[in-house]
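This report concerns only the one structure given below.
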Amino acid sequence: MFEKVLIANRGEIALRVLRACRELGVRTAVVYSAADADSAAVRLADQAVRIGPAASRRSYLNAAAIVEAARQVGAQAVHPGYGFLSEDADFAEICAENGLTFIGPSPSVMAALADKSSARALMRRAGLPLPAGSVEPVPTAAAAAEVAADIGYPVIVKAAAGGGGRGMTVVWSAAELPRAYAKTRAAAQAVFGDDRVYVERYLTEARHVEVQVLCDGHGNGVHLGTRDCSVQRRHQKLVEEAPAPALPAGVLDSIAETALRGALEVGFTGAGTLEFLVDAEERFHFLEINCRIQVEHPVTEMITGIDLVHEQLHIAAGVPLRWRQDEIRLHGVAVECRVNVEDPERDFAPTPGRLERFLPPGGPFTRVDTHGRPGYVVGPHYDSLLAKVAVWAPDRELALNRLERALDEFDVTGPGVRTTIPFVRRVLDDAGFRKGRYTTGLVDRLLAAGEHTATTSQAGAHESPPAPPVTATCPPATAGSSAPNRRTR
């Protein structure tokens with residue numbers, strides 16, 4: 001095992017990796033920007049190295065500064081977390097050239113899989129089913145139109161180098177395609193420095209199901225079951241659960257076994273996630289593979305009892321996989337929601353600010369991964385994720401009730417601060433979600449219903465006399481509070 005690991009990330013994932021290292025007796029160093037000087041990771045790490053100003057391109061995306069920090073502190077390995085440089089093959093190669101172990105797949109495998117078009121071609125050769133569409137990038141709008149005409153609308157134009165839910169445009173008709181094609185290519189060039197795009201059939205009523213895999217450098221691999229991540233807005237996930245609900249066991253087993261076969265076929269090593277769309281006929285289609293730990297990894301840990309970050313560290317250190325497939329057991333149901341510092345009433349606009357109160361929930365089988373605390377300033381520079389609340393229960397109904405109870409307890413307040421907790425409660429209240437029968441269209445449907453309700457309320461406001469005043473019997477809510485009112489259901 002390594003003696004010291006440099007953590008090249010921030011926020012809750014930096015803390016998550018730091019704690020795993022400490023449990024294994026590995027010393028830690030973290031890098032930090034000027035904006036994160038007072039972060040929990042900086043306070044808890046054995047060493048901390050400031051690598052630049054708040055701007056991520058000059059700090060957490062500065063590969064040279066991170067490698068120099070690792071050399072300064074004498075680290076043997078670098079854990080990239082998720083986001084930032086976690087799937088950057090060039091960064092992985094720079095680490096290798098400087099004698100550092102990058103905790104993830106090899107640079108060559110990562111380069112092949114980070115390119116969505118290349119990954120599709122590799123997985124097709126491995127026998128994985130793909131959505132209808134182009135495997136290679138489409139070089140012109142005319143070529144894109146030919147593909148779309150062949151597979152039928154709607155289609156989705158995707159950046160070959162895309163990730164994190166960016167670089168995608170849904171196209172509903174042939175008339176929209178030229179503009180959408182140009183827009184997506186321009187956005188891909190601006191964000192990823194690569195304007196190549198491909199076109200595939202867009203499944204309007206689909207489930208987003210993913211499979212966690214662990215593969216070592218000795219040809220061994222296991223899958224750890226499925227997760228459902230269909231509750232998402234603009235391709236950003238809000239609620240995740242494991243295992244995926246309301247699908248036959250045979251379908252789930254087939255998806256998981258197919259995912260593991262694909263990962264082993266391409267030489268993947270480490271902890272990775274293969275993502276699929278499952279259509280209304282329960283046919284599944286490969287989307288992409290993520291070469292890193294996922295935000296939603298806690299739900300898999302809760303149903304398997306396997307610490308994924310521990311396994312990442314062991315695999316990167318050259319230890320053969322410590323599990324066989326017949327030793328993997330899935331127990332109960334786990335559900336996670338992301339608590340983002342955003343205002344759902346204003347199109348999920350970020351609401352940075354100082355947290356005056358921050359009281360996470362507790363109780364049985366309740367896990368909160370967070371870097372927040374009272375007095376912490378949520379800045380405007382990075383992702384708005386503040387916390388992840390994950391719960392476990394023997395069955396799905398109790399797990400959902402437990403998550404509702406946990407969100408009732410979560411108290412986050414500060415001037416101007418809002419969170420996504422109220423919207424998550426709307427998801428948990430939805431009849432289709434409660435039954436486990438929902439698709440990637442759920443969030444859009446809830447948002448549309450909310451807009452309709454607001455419009456109806458405004459239209460009727462002048463048609464009825466105002467309600468009589470009500471005498472308050474309890475103190476008003478603190479300005480900026482995002483804690484939901486306790487319900488009676």
Side-chain angles (χ1 to χ4, degrees), residues 11-20 23 40 81-83 208-212 224-232 236-245 271 273 290 292-312 328-341 358-373 383-412 419-428 433-434 436 438 482-484:
E12 62 87 15
I13 189 59
L15 277 176
R16 171 73 184 88
V17 175
L18 186 154
R19 287 165 172 154
E23 290 163 5
Y82 55 71
H208 190 136
V209 176
E210 61 188 31
V211 178
Q212 179 72 60
L224 304 183
T226 59
R227 298 187 290 251
D228 192 300
C229 303
S230 301
V231 182
Q232 48 187 263
Q236 295 291 317
K237 302 163 187 174
L238 297 174
V239 179
E240 302 102 346
E241 59 180 302
T273 298
N290 292 295
R292 53 174 167 77
I293 197 76
Q294 293 277 95
V295 177
E296 59 270 23
H297 76 273
V299 292
T300 294
E301 294 183 328
M302 295 176 98
I303 67 168
T304 62
I306 295 174
D307 188 307
L308 293 176
V309 181
H310 282 192
E311 298 309 313
Q312 282 188 298
I328 306 299
R329 296 286 186 270
L330 308 183
H331 302 282
V333 174
V335 187
E336 172 187 293
C337 73
R338 306 187 190 193
V339 178
N340 298 332
V341 183
F358 185 81
L359 182 62
F365 305 106
T366 302
R367 167 178 170 175
V368 181
D369 287 17
T370 182
H371 55 293
R373 67 178 188 277
D383 185 271
S384 58
L385 178 65
L386 176 63
K388 304 181 311 196
V389 181
V391 300
W392 178 92
D395 59 73
R396 188 170 184 268
E397 181 178 4
L398 181 54
L400 296 180
N401 291 344
R402 182 162 282 155
L403 183 57
E404 288 184 320
R405 185 270 302 162
L407 293 179
D408 274 342
E409 295 179 13
F410 210 151
D411 185 4
V412 184
T419 76
T420 48
I421 290 176
F423 188 80
V424 171
R425 297 302 297 265
R426 287 182 61 191
V427 171
L428 298 180
F433 180 82
R434 297 296 296 200
Y438 58 96
S482 64

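Just so you know, residue 1 is the first one in the sequence shown, and it goes up from there.
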**OP:** Please answer whether the main-chain N or O of Asn340 pairs with a side-chain N or O of Thr420 as donor and acceptor at a distance below 3.5 Å.
**Re:** yes

Subject >> Neighbour count >12 (heavy atoms, 6.0 Å) for atom CD, Glu23 >> reply: yes

**OP:** Count the heavy atoms belonging to other residues, nucleotides or ligands that lie under 6.0 Å from CZ of Phe365, then report whether that count exceeds 12.
**Re:** no

Original post:
Given side chains that start at C-beta, do those of Asp307 and Glu301 come closer than 4.5 Å, heavy atoms only?
Top reply: yes

Original post:
Less than 4.5 Å apart, any side-chain heavy atom of Arg425 and any of Asp408?
Top reply: yes

Original post:
What are the two closest non-hydrogen atoms of Gly362 and Glu409, and how far apart are they?
Top reply: N-OE1, 3.2 Å

**OP:** Give the minimum heavy-atom separation between Val299 and Glu241, together with the two atoms involved.
**Re:** CG2-C, 4.4 Å

**OP:** Output the distance between atom CG (Leu400) and atom CZ (Phe433), rounded to the nearest 0.5 Å.
**Re:** 5.5 Å

**OP:** Give a yes or no on whether the backbone of Leu386 and the side-chain of Thr370 come within a donor-acceptor separation of less than 3.5 Å.
**Re:** yes

Original post:
Has the side chain of Arg396 got a donor or acceptor atom that lies under 3.5 Å from a matching backbone atom of Arg434?
Top reply: yes

**OP:** Determine whether Leu407 and Leu428 make a side-chain contact, defined as any pair of heavy atoms from C-beta on separated by less than 4.5 Å.
**Re:** yes

Original post:
Do Ile421 and Val339 have side chains that get closer than 4.5 Å, going by heavy atoms?
Top reply: yes

Subject >> Check: Leu238 and Val427 side chains under 4.5 Å, non-hydrogen atoms >> reply: no

Original post:
Which atoms form the tightest heavy-atom contact between Ile293 and Gly81, and what is the distance?
Top reply: CG2-O, 3.8 Å

Original post:
In Å, rounded to the nearest 0.5 Å, how long is the span from NZ of Lys237 to CD of Glu296?
Top reply: 4.0 Å

Subject >> ring pair (Phe, Tyr, Trp, His ring centres under 6.0 Å) involving Phe358 - partner list, sequence neighbours excluded >> reply: Phe410

**OP:** Answer whether the closest heavy-atom distance between the side chains of Lys388 and His297 falls below 4.5 Å.
**Re:** yes

**OP:** Taking all heavy atoms of Ala399 and all of Ala393, pick out the closest pair and write down the distance.
**Re:** N-CB, 3.4 Å

Original post:
In Å and rounded to the nearest 0.5 Å, what is the OG1 to CZ distance from Thr273 to Arg292?
Top reply: 7.5 Å

Original post:
What heavy-atom pair brings Gln294 and Arg227 nearest, and what distance separates the two atoms?
Top reply: CG-NH2, 3.5 Å

Original post:
Do the side chains of Val391 and Arg405 get nearer than 4.5 Å, heavy atoms only?
Top reply: no

Original post:
What pairs with Leu330 under side-chain contact (heavy atoms from CB on, under 4.5 Å), at least two apart in sequence or on another chain?
Top reply: Ile303, Thr304, Ile328

Subject >> Within 45° cone of Phe423 ring axis and under 6.0 Å: Arg338 NZ or CZ >> reply: no

Original post:
Nearest 0.5 Å, what's the CD-CD1 distance between Gln212 and Ile306?
Top reply: 9.5 Å

Original post:
Which atoms form the tightest heavy-atom contact between Val295 and Pro298, and what is the distance?
Top reply: O-CD, 3.3 Å

**OP:** Taking the side chain as every heavy atom from C-beta outward, state whether Leu308 and Gln312 have any atom pair closer than 4.5 Å.
**Re:** no

Original post:
Any Lys/Arg nitrogen of Glu12 or Arg367 sitting under 4.0 Å from an Asp/Glu carboxylate oxygen of the other?
Top reply: no

